[in-house]
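Each chain gets a letter, A, B and so on, in the order the sequences are listed, and its residues count up from 1.
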Amino acid sequence: MSNSNHWSKEETADFSYTFLAWYEREKRTLPWRENKDPYRIWVSEIMLQQTRVDTVIPYFLNFMTLFPTIKALAEAPEDTLLKAWEGLGYYSRVRNLQKSAIQIMEDFDGKMPQTAAEISTLKGIGPYTTGAIASMAYGLPTPAVDGNVMRVVSRLFEITDDIAKPKSRKIFEETMQDIISRDNPGDFNQAMMDLGSSTCTPKNPSCNLCPVNEFCQSYEKGTVGNYPVKSKKVKAKPVYYVGMIIKNEKGEFLLEKRPTEGLLANMWTFPLFPEEMMTHEVEVPAGGLHEIASEQTQQIVLKQLQEAMTQKYQLHPTFMKRPLPEIKHIFTHLKWFIACYYGQVDQVKLTDLPENCEFVHPENFEKYTFPGPQQKMLAQYQKNIGQKK
DNA sequence: AAGTCGGGGCT
DNA sequence: AGCCCAGACTT
């Protein structure tokens, strides 16, 4: 266990002075730094969770145009909301954002709560975001400990606690509690972010340019490279799917809305089946369905595809013999491999489709929210099939 | 404490 | 290919 703070009152004041002067000089101009509107700060902090500044900026501007107030957010249709988040990832963030907006309308008279305890009751706002909003919007001396802060602080004080462990966050919060500026905690927290992204980077930090290197214990000892201590993550587990790209006579494609909970909740995809469902009668090569050489084995697989389509959708497509080139999509904890088959149906009775399914013309795809794998499947179709006509 | 939940940039 | 990112929630 590391001892956190070794600074005297004078050193602490010295650090704040130097650090805040650097921030005032070098801070980035960002849309959510224009003022201290708690709503803007809140939305930006949610978007910035596990997401880079450059990625967030256009989403933030669009979001503020669409939903300029907490009230507008609370009243927004769910489809519009999800569409505004399309491509940003971690989609539960935007659902929680709206839940909290409704909660603020009902319990806080439409005004953002102004104490850390109340702020942290909102859905999607954990310890980090509570500290960020409380300090930046209301000037409260609340630590906002994220990955940047743990990296910077671990180097400043040579803290060896594993930052991958939930328990360690407390150590860093206590250290920040000791050193955070009482006069300007909001800028102090933001200065930590800016320093972490520009100078005190994970790899090859620019210590010679660091405004506070004279305060840094690991810099003094030449041990910066040892910090932060972080245990390794388990690597993504492979999952194999068969994707069905089904077109009807009107040029419409079969889409399915995913369940309301879990991975990619409420988003639209081409139908997916677990690969095992298609291959329990055959031996699949290590490389997947793409490497099946035998004509006979292919026929068996195709028969399975058709049975699956009949059972689930009451459709009888004519499939291409071989799948499109394999699609790979990596999530944090899963690695999807998708063998896409293209099939056509000549007659459609929409009443027979399951409730969460629709045939949709590509002209109208813009109205549907598509996650990454879906985008790749569509691209693969357009590249190999769509252009031939 | 461990697992779930996305996507993109960098090395 | 692995690592990282302005994390929070569920179990």
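- Residue A:Gly196 is classed as having no contact, given no heavy-atom separation below 4.0 Å to the nucleic acid.
- Within the 3.5 Å criterion, the main-chain N or O of A:Glu11 finds a donor-acceptor partner in the side chain of A:Ser8.
- The separation between A:Met267 atom CE and B:dG7 atom C1' is 11 Å, rounded to whole Å.
- Note on A:Lys233: every side-chain N or O is 4.0 Å or more away from OP1 and OP2 of B:dG3.
- As judged by a 4.0 angstrom heavy-atom cut-off over every strand, A:Ile133 is placed among residues making no nucleic acid contact.
- Within 4.0 Å of A:Trp85, counting heavy atoms only, lies no atom of the nucleic acid at all.
- When distances run from any side-chain atom of A:Lys123 to the nucleotides C:dT10, B:dC5, C:dC5, the shortest one goes to C:dT10.
- Contact check, A:Lys328 against B:dG7: no side-chain N or O comes under 4.0 Å of OP1 or OP2.
- Residues A:Thr51 and A:Pro166 both approach DNA chain B. Their nearest nucleotides, taken by heavy-atom distance, put A:Pro166 toward the 5′ side.
- Within the nucleic acid shown, A:Leu334 has no heavy atom closer than 4.0 Å to any nucleic acid atom.
- Distance from the side chain of A:Leu264 is smallest for B:dG7 among the nucleotides B:dA1, B:dG7, C:dA6.
- Of the two residues near DNA chain B, A:Lys203 and A:Gly87, the one whose nearest nucleotide lies more 5' is A:Gly87.
- Pairing each heavy atom of A:Asp194 with each of A:Lys27, the nearest pair is OD2-CA, 3.7 Å.
- The shortest distance between the side-chain N/O atoms of A:Gln49 and the OP1/OP2 oxygens of C:dA6 is not below 4.0 Å.
- As a whole-Å value, the separation of A:Leu97 CG from C:dA8 C1' is 13 Å.
- Closest contact between the side chain of A:Thr332 and the listed nucleotides C:dC3, B:dG7, C:dC4 involves B:dG7.
- Atom P of C:dA6 sits at a distance of 24 Å from the matching atom of B:dT4, rounded to the whole Å.
- Of the listed nucleotides (C:dC4, B:dG6, C:dA6), C:dA6 has the atom at the smallest distance from the side chain of A:Tyr128.
- Taking side-chain N and O atoms only, A:His333 has a distance below 4.0 Å to OP1 or OP2 of B:dC5.
- A 4.5 Å side-chain heavy-atom check between A:Gln344 and A:Glu249 finds every atom pair outside the cut-off.
- Considering all non-hydrogen atoms of both residues, A:Met377 and A:Ile245 come closest at O-CD1, 3.8 Å.
- Between the CD atom of A:Gln375 and the C1' atom of B:dG6 there is a distance of 13 Å, rounded to whole Å.
- Heavy atoms of A:Arg28 sit under 4.0 angstrom from at least one base atom.
- In this model, the phosphate group of C:dC5 is approached by a side-chain N or O of A:Arg151 to a distance below 4.0 Å at OP1 or OP2.
- Between the CG atom of A:Leu122 and the C1' atom of C:dA8 there is a distance of 13 Å, rounded to whole Å.
- Atom CG in A:Asp194 sits roughly 10 Å away from atom C1' in C:dA6 (whole-Å rounding).
- Residue A:Lys376 places its NZ atom among more than 12 non-hydrogen atoms of other residues, nucleotides or ligands, all under 6.0 Å distant.
- Of all nucleotides listed (C:dC4, B:dG6, C:dG7), B:dG6 comes nearest to the side chain of A:Phe331.
- Between A:Lys235 and A:Val53, the residue anchored nearer the 5' end of DNA chain C, judged by the nucleotide with its closest heavy atom, is A:Lys235.
- Comparing B:dA2, C:dC4, C:dC9 by their nearest atom to the side chain of A:Lys230 picks out C:dC4.
- A distance of 6.0 Å or more separates the ring centres of A:Phe337 and A:Tyr241.
- Side-chain N/O atoms of A:His329 include none lying less than 4.0 angstrom from OP1 or OP2 on B:dG6.
- The residue from A:Lys257, A:Gln374, A:Glu358 that alone fulfils the side chain to side chain donor-acceptor pair (under 3.5 Å) condition with A:Tyr368 is A:Glu358.
- Scanning atom types as modelled, no donor and acceptor separated by under 3.5 angstrom connect the side chain of A:Thr129 and the base of C:dG7.
- Scanning both residues, A:Asn213 and A:Cys207, for their nearest heavy atoms gives ND2-O, 3.0 Å.
- Of the candidate nucleotides B:dG7, C:dA8, C:dA6, C:dA8 has the atom lying nearest to any side-chain atom of A:Pro127.
- Counting to the nearest Å, the P atom of C:dA6 and the CD1 atom of A:Ile163 are 11 Å from each other.
- Contact of A:Arg93 with B:dC5 (side chain to base): no donor-acceptor pair of N or O atoms is detected under 3.5 Å.
- Taking the C1' atoms as reference points, C:dC3 lies 16 Å from B:dG6, given to the whole Å.
- In this structure, CD1 of A:Ile46 is placed 14 Å from C1' of B:dC5, rounded to the nearest angstrom.
- In this structure, CD of A:Glu261 is placed 12 Å from C1' of B:dT4, rounded to the nearest angstrom.
- Remark: A:Tyr90 is not in phosphate contact with B:dT4, judged by side-chain N or O atoms under 4.0 Å from OP1 or OP2.
- Nearest-nucleotide positions on DNA chain C for A:Lys335 and A:Met193 put A:Lys335 closer to the 5' end.
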